[in-house]
Amino acid sequence: TVDEDLSRRDFTCNALAWHPLTGELRDPFEGLRDLRAGILRTVGRPEERFAEDYLRVLRALRFAGHFELAIEPATWRALVEATPMPPRLSAERIREELWKILSKTRRASASLSLYAASGALAVLYPELDATVGVVRGGGARPDAWTESLLAVDALPPTRPLLRMAALLHAVGMPAARSRDLRGGWRYTGHEVLGGRAAAKVMRRLKASNADIERVARLVTHQSDFFPPDAPDAGIRRWIHDLGADLIHDLFRLRFALARAEVDGAGEPPRDLIERWRRAHAVMLSHPPLAVRDLAVGGDDLKALGIPPGPRYGEILRGLLERVLENPELNTRDALLALVAEEVQR
């Protein structure tokens, strides 16, 4: 029966049925009352509901954050007691719950904070739990976990991979922590360590290879920016080294982290804004940034009588170096003249 079906639902707000022809509303567990009161409550005994499917623990945390509901005390106690069990779930189900938070909830920090408060963060994402209480810099700067949450909220749900990179940006800090000369803490090299840790988390969640690589690259290069006074040639080399596909998201991540450093309310530093303007201007000029962008290729080298082999790659990479310095050289005639000059030496 309909009522039997509703009795097997997880939360009272999900245990409602409406008849589209008669307009009848079935609400045997007073879910509408709970919704109006802003309360998340299980159907029946919470221990039994969570034991039936431990994914309900993660669903409760997501629902409470997304819909701004307070978890009813008995439900919360049972949820906390059940937090050691979700690792029994498949990696895909665990990943999908996190992905729904990142891709559908504007203020993702509400649900993610409940992950930490319930103990689910320590169980499922110990790398993130280790950043709680880790502080860098002075003043009233938030700890690394709070900064991560603020950075996630500063990015749109339409970019879940970028939000994932923001969430994981500090996972290398605990391993990189060491004392500085003044007795404080420093975290030199945490970005590289963090990139490896981020890749490990993504692999554990069975993410795609492309997603693993992108998140790891963003975390690894989060602080790799050209100097404010770099010439255009230096900016082109920077784009070439990092990959043009990463640049826009790298700046988006850096802007979000800059806001997070001041509780999400501050403005990005002027030098960061200026670097973005310069990098954006360089990219709008569409300079050649890879060997494939050169005006000549292997067939042109063969036509010059150069035998095929590893030397082709050496010559083309050398040409790219010249073109990165001066994009106006990227014409077939100019590049072939450079090759001929090199061959005659």
Side-chain angles (χ1 to χ4, degrees), residues 135-142 144 146-156 158-173 176 186-196 198 213-291 293 320-330:
V135 180
R136 55 180 165 183
R141 186 168 177 173
T146 303
E147 283 191 5
S148 299
L149 296 182
L150 292 170
V152 170
D153 284 351
L155 294 164
T158 53
R159 297 185 177 275
L161 271 183
L162 187 54
R163 292 184 115 192
M164 188 68 172
L167 184 64
L168 296 171
H169 89 279
V171 291
M173 289 179 64
R186 62 183 176 187
Y187 302 91
T188 306
H190 81 85
E191 298 91 347
V192 174
L193 295 176
R196 295 172 189 160
E213 180 189 19
R214 187 158 190 85
V215 170
R217 286 172 65 202
L218 284 166
V219 174
T220 299
H221 297 294
Q222 61 182 283
S223 302
D224 292 347
F225 286 85
F226 54 87
D229 59 348
D232 285 355
I235 298 175
R236 288 191 292 270
R237 291 182 187 279
W238 174 77
I239 296 172
H240 163 71
D241 291 342
L242 266 64
D245 65 304
L246 202 69
I247 302 306
H248 286 87
D249 273 356
L250 190 60
F251 271 104
R252 291 186 182 104
L253 176 61
R254 194 72 252 166
F255 279 123
L257 293 176
R259 293 189 177 98
E261 291 176 4
V262 284
D263 290 329
E267 290 296 323
R270 287 187 174 274
D271 70 310
L272 181 61
I273 296 173
E274 182 58 29
R275 288 183 213 199
W276 160 244
R277 287 173 177 164
R278 295 198 59 204
H280 187 56
V282 168
M283 293 186 71
L284 284 178
S285 69
H286 301 291
L289 298 169
V291 166
D293 299 327
L320 179 61
E321 284 296 314
R322 299 287 294 271
V323 168
L324 286 173
E325 189 68 30
N326 182 5
E328 294 181 1
L329 288 175
N330 194 35

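Expressed to the nearest 0.5 Å, how far CG of Asp249 lies from CG of Leu162 amounts to 4.5 Å. Atom OG1 of Thr146 sits about 11.5 Å away from atom CZ of Arg141, to the nearest 0.5 Å. Summarising the geometry, atom CG belonging to Asp229 is positioned 11.0 Å from atom CG belonging to Asp271; distances are rounded to the nearest 0.5 Å. The line from CG of Leu324 to CG of Asp293 is 9.5 Å long, rounded to the nearest 0.5 Å. Note: Leu168 CG to Leu218 CG = 10.5 Å, rounded to the nearest 0.5 Å. Atom CG of Asp245 is separated from atom CG of Leu250 by 10.5 Å, given to the nearest 0.5 angstrom.
The closest donor-acceptor contact from the side chain of Arg252 to the backbone of Leu155 lies at 3.5 Å or more, if one exists at all. Judged by distance alone, with hydrogens and angles left aside, the side-chain atoms of Arg278 form no donor-acceptor pair with the main-chain N or O of Ile235 at under 3.5 Å. Arg259 places no side-chain N or O within 3.5 Å of a backbone atom of Leu150 that could act as its donor or acceptor partner.
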| request: Determine, stepwise, if the pair Glu261 / Glu147 fulfils side-chain contact (heavy atoms from CB on, under 4.5 Å). | output: CA-CA 6 Å; Glu261 291 176 4; Glu147 283 191 5; 4.0 Å; yes
| request: For side-chain contact (heavy atoms from CB on, under 4.5 Å), just list the numbers for Asn330 and Arg322, CA-CA rounded to whole Å, side-chain angles, deciding distance to a tenth of an Å, and then say yes or no. | output: CA-CA 9 Å; Asn330 194 35; Arg322 299 287 294 271; over 6 Å; no
| request: Apply the test side-chain contact (heavy atoms from CB on, under 4.5 Å) to residues Arg214 and Leu246: give CA-CA distance (whole Å), side-chain angles for both, the deciding distance (0.1 Å), then the verdict. | output: CA-CA 8 Å; Arg214 187 158 190 85; Leu246 202 69; 3.9 Å; yes
| request: Could you go through the salt bridge (charged side-chain N to carboxylate O under 4.0 Å, His left out) check for Asp241 and Arg237 one step at a time? | output: CA-CA 6 Å; Asp241 291 342; Arg237 291 182 187 279; over 6 Å; no
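Below 30°, between 30° and 60°, or above 60°: for Phe255 and Phe251 the angle between ring planes is between 30° and 60°, a tilted geometry.
Taking all atoms of both residues into account, the shortest heavy-atom contact from Met173 to Ala144 is SD-CB, 4.0 Å. Between Ala198 and Val215 the shortest heavy-atom distance is CB-CG1, 4.3 Å. When every heavy atom of Pro288 is checked against every heavy atom of Val323, the shortest pair comes out as CG-CG1, 3.0 Å.
Arg163 is listed as a side-chain neighbour of Asp153, based on a closest heavy-atom distance under 4.5 Å. Side-chain contact check for His280 versus His248: some heavy-atom pair is nearer than 4.5 Å. In this structure the side chain of Leu320 reaches within 4.5 angstrom of the side chain of His240, judged on heavy atoms. Arg254 is listed as a side-chain neighbour of Gln222, based on a closest heavy-atom distance under 4.5 Å.
A salt bridge between Glu325 and Arg236 is absent, with no side-chain N of the basic residue lying under 4.0 Å from a carboxylate O of the acidic one.
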